[in-house]
There are 2 protein chains.
Amino acid sequence: MARRTKAEAAATREALLDAAEEVFLEKGVARTSLEQIARHAGMTRGAVYWHFKNKADLFQAMLCRVRMPFQELIAEIAEPSLMERPLEAIRLAIQNGFERLEQPRHRRVHAILVHHCEVFGDIDPLAMQNEMANEACGALTDHFTCAARLGQLREDLSPENAAELMQALLGGLFHDWLRNHERFSIATKGSELVALQLELMRRP
Amino acid sequence: MARRTKAEAAATREALLDAAEEVFLEKGVARTSLEQIARHAGMTRGAVYWHFKNKADLFQAMLCRVRMPFQELIAEIAEPSLMERPLEAIRLAIQNGFERLEQPRHRRVHAILVHHCEVFGDIDPLAMQNEMANEACGALTDHFTCAARLGQLREDLSPENAAELMQALLGGLFHDWLRNHERFSIATKGSELVALQLELMRRP
DNA sequence: CTTGTGACATACAGGAATGAATGTAAATCT
DNA sequence: AGATTTACATTCATTCCTGTATGTCACAAG
């Protein structure tokens with residue numbers, strides 16, 4: 001067609017990213033062509049190559065819309081009363097993250113990252129997942145250490161082991177839920193299981 | 001070259017599958033061509049198309065070499081003394097599975113399935129993972145129910161919740177370890193954490 | 001010994017995807 | 001209003017991979 005206004009151009013850019021999410025999730029990243037993405041957004045490949053350098057660039061732009069640093073989750077629930085109840089702080093932070101995960105955009109992009117893309121140009125999904133896991137495990141260790149100092153952790157459970165158990169549990173729930181999110185809600189069922197696990201870890 | 005004896009032909013078939021494992025793991029399934037696999041095995045594409053119908057067929061043959069039904073793991077440790085200690089049976093079965101996972105072939109194929117392939121022809125890795133997860137969860141539920149009947153489970157922990165917690169833990173450990181198996185041994189560290197979790201679940 | 005077939009290698013045709021080049025009409029600038 | 005740039009659409013050349021067809025040579029049967 002013809003030139004659009006700046007706002008319209010930004011809209012088509014978003015539309016292309018939306019289309020990429022949907023097609024990537026349906027057919028996998030490697031097996032979708034830029035043509036398919038463009039058609040699904042009602043555009044042609046020209047639009048894609050205008051807004052993005054190539055497929056990897058588009059992919060990265062898609063990821064940028066859902067960045068969710070784990071520390072931020074804990075920082076968001078900065079109620080002073082929780083300083084003395086670190087286990088409760090952990091629970092709330094995780095529930096916070098789970099609820100954010102259930103937003104369709106976050107769910108789709110994470111499902112793509114975890115299940116529908118392989119190694120990809122200079123983007124290595126495994127490295128990204130490792131980063132996230134390490135960050136989460138570090139934050140968990142901090143708070144479990146705090147809990148141990150306050151005597152709220154079982155004596156036979158070291159803070160490091162507690163953090164590793166919880167991180168593995170989170171990862172498992174995350175993967176299970178991403179595989180088919182229709183089976184259960186991670187915000188309710190997942191939070192429930194996390195709370196239960198925290199009860200198992202709490203000093204009686 | 002020329003015709004080999006039957007044993008040599010079977011050997012080249014295995015060599016092709018080995019090569020497929022290595023290249024798939026390194027570059028991802030979608031981004032490796034049959035040419036690359038053949039060259040990596042010191043053959044040409046002709047050999048591949050002789051032994052396998054196409055890429056999907058080769059992929060499936062690769063999977064067939066590592067089938068590991070979860071029930072089999074529990075059946076293998078069929079010591080009668082364990083009938084009365086279901087938690088110990090679970091622990092041993094999981095340790096058994098973890099040790100088998102550390103065989104290079106099993107580790108590579110599972111890493112490929114989980115992290116390096118997308119949807120693929122008539123093979124859906126997610127469906128396979130779902131099957132495995134359901135099977136594992138079912139077996140776990142059975143044994144945790146048995147443990148509950150014997151009064152070996154904490155009263156505030158239902159067998160279903162116990163099974164789901166354990167399955168999520170297993171999945172998380174599995175994924176974490178597959179991402180980089182050099183960081184820790186799942187047979188030792190993983191089994192340790194599983195044993196610890198079972199302690200948390202045991203009635204005091 | 002020769003003959004057939006098994007186990008590959010090589011050659012060829014076709015499609016599909018990429019990236020660049022070019023076209024174009026409207027929006028914005030001056 | 002004219003010039004320029006923006007935001008795309010269209011076309012084209014190139015590469016890559018697949019699948020098939022054909023060639024080839026060694027082993028085993030007769």
Side-chain angles (χ1 to χ4, degrees), chain A residues 1-20 22-62 112 116-123, chain B residues 1-20 22-62 112 116-123:
Chain A
M1 297 295 177
R3 183 181 174 194
R4 314 288 173 78
T5 173
K6 282 177 191 174
E8 284 174 324
T12 65
R13 190 190 134 100
E14 295 299 304
L16 287 173
L17 291 175
D18 288 342
E22 293 175 16
V23 188
F24 281 162
L25 186 59
E26 186 186 341
K27 310 191 45 175
V29 175
R31 298 184 63 83
T32 70
S33 65
L34 296 182
E35 171 83 16
Q36 290 169 331
I37 292 174
R39 300 297 254 185
H40 194 263
M43 304 271 148
T44 70
R45 260 174 54 249
V48 176
Y49 276 99
W50 172 255
H51 286 286
F52 309 100
K53 185 183 172 189
N54 51 25
K55 196 173 177 179
D57 188 36
L58 179 141
F59 189 79
Q60 202 156 21
M62 191 187 72
I112 291 168
H116 294 277
C117 78
E118 312 175 353
V119 190
F120 194 65
D122 55 345
I123 298 177
Chain B
M1 296 295 176
R3 183 181 178 195
R4 314 287 174 81
T5 173
K6 284 176 189 173
E8 284 175 324
T12 64
R13 189 190 135 99
E14 295 298 304
L16 287 173
L17 291 175
D18 288 341
E22 293 174 15
V23 188
F24 280 163
L25 186 59
E26 185 186 341
K27 309 189 46 174
V29 175
R31 298 185 63 84
T32 70
S33 65
L34 296 182
E35 171 82 17
Q36 290 170 328
I37 293 174
R39 300 298 254 186
H40 195 263
M43 304 272 149
T44 68
R45 258 174 56 249
V48 175
Y49 275 100
W50 173 257
H51 286 284
F52 309 99
K53 185 183 171 188
N54 51 26
K55 195 174 179 181
D57 188 35
L58 180 142
F59 188 79
Q60 202 156 20
M62 190 188 74
I112 290 168
H116 294 276
C117 77
E118 313 175 350
V119 189
F120 194 65
D122 55 346
I123 298 176

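Every chain is numbered from 1 and lettered A, B, ... according to where its sequence line falls, protein lines coming before strand lines. What you see is a predicted model; the values in this text were computed from it and never measured.
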### Query
Reckon A:Thr5 has a side-chain N or O less than 4.0 Å from the OP1 or OP2 of C:dA26?
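A:Thr5 to C:dA26 OP1/OP2: no side-chain N or O under 4.0 Å.
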### Footprint string (nucleotides 10-16 of chain D, 5' to 3'): B base within contact, S backbone only, - free, heavy atoms under 4.0 Å
B------
### Message
Applying side chain to side chain donor-acceptor pair (under 3.5 Å), can you list everything that pairs with A:Glu14, at least two apart in sequence or on another chain?
### Response
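Here the qualifying residues are A:Arg65.
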#### Entry: Non-neighbouring partners of A:Thr12 that pass side chain to side chain donor-acceptor pair (under 3.5 Å), sequence neighbours left out
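In terms of side chain to side chain donor-acceptor pair (under 3.5 Å), with neighbours along the sequence ignored, A:Thr12 is linked to A:His51.
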Please give, in whole Å, the distance from [N] [atom2] to [X] [atom1]?
X: B:Trp50; N: D:dG19; atom1: CH2; atom2: P; answer: 17 Å
X: B:Glu8; N: D:dA28; atom1: CD; atom2: C1'; answer: 14 Å
X: A:Glu35; N: C:dG15; atom1: CD; atom2: P; answer: 17 Å
X: A:Arg31; N: D:dC17; atom1: CZ; atom2: C1'; answer: 12 Å
X: B:Leu16; N: C:dA7; atom1: CG; atom2: P; answer: 13 Å
X: A:Lys6; N: D:dC8; atom1: NZ; atom2: P; answer: 14 Å
X: A:Leu34; N: C:dA20; atom1: CG; atom2: P; answer: 12 Å
X: A:His51; N: D:dT6; atom1: NE2; atom2: P; answer: 13 Å

Give every donor-acceptor pair under 3.5 Å between a side-chain atom in residues 24-34 of chain A and any protein atom, sequence neighbours left out.
from	atom 1	to	atom 2	distance (Å)
A:Thr32	OG1	A:Val29	O	3.2
A:Ser33	OG	A:Gln36	N	3.2

### Set of residues satisfying salt bridge (charged side-chain N to carboxylate O under 4.0 Å, His left out) with respect to A:Arg39, sequence neighbours excluded
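Expected list: A:Glu35.
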Nearest-neighbour nucleotide for the [X] side chain, [options] considered:
X: A:Met43; options: D:dT20, C:dC8, D:dA9; result: D:dA9
X: B:Asn54; options: D:dG19, D:dA7, C:dG19; result: D:dG19
X: A:Lys55; options: D:dA7, D:dT18, C:dT18; result: C:dT18
X: A:Tyr49; options: C:dC8, D:dC8, C:dT18; result: C:dT18

### Task
State which residues pass side chain to side chain contact (heavy atoms under 4.5 Å, CB included) with B:Ala11; sequence neighbours excluded, sorted by chain then number.
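None.
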### Separation of B:Trp50 CH2 from B:Leu16 CG (nearest 0.5 Å)
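Going from CG on B:Leu16 over to CH2 on B:Trp50, the span is 13.5 Å.
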### Message
With heavy-atom distances below 4.5 Å as the criterion, would you say the side chains of A:Arg13 and A:Phe52 are in contact?
### Response
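They are in contact (side-chain heavy atoms under 4.5 Å apart), so the answer is yes.
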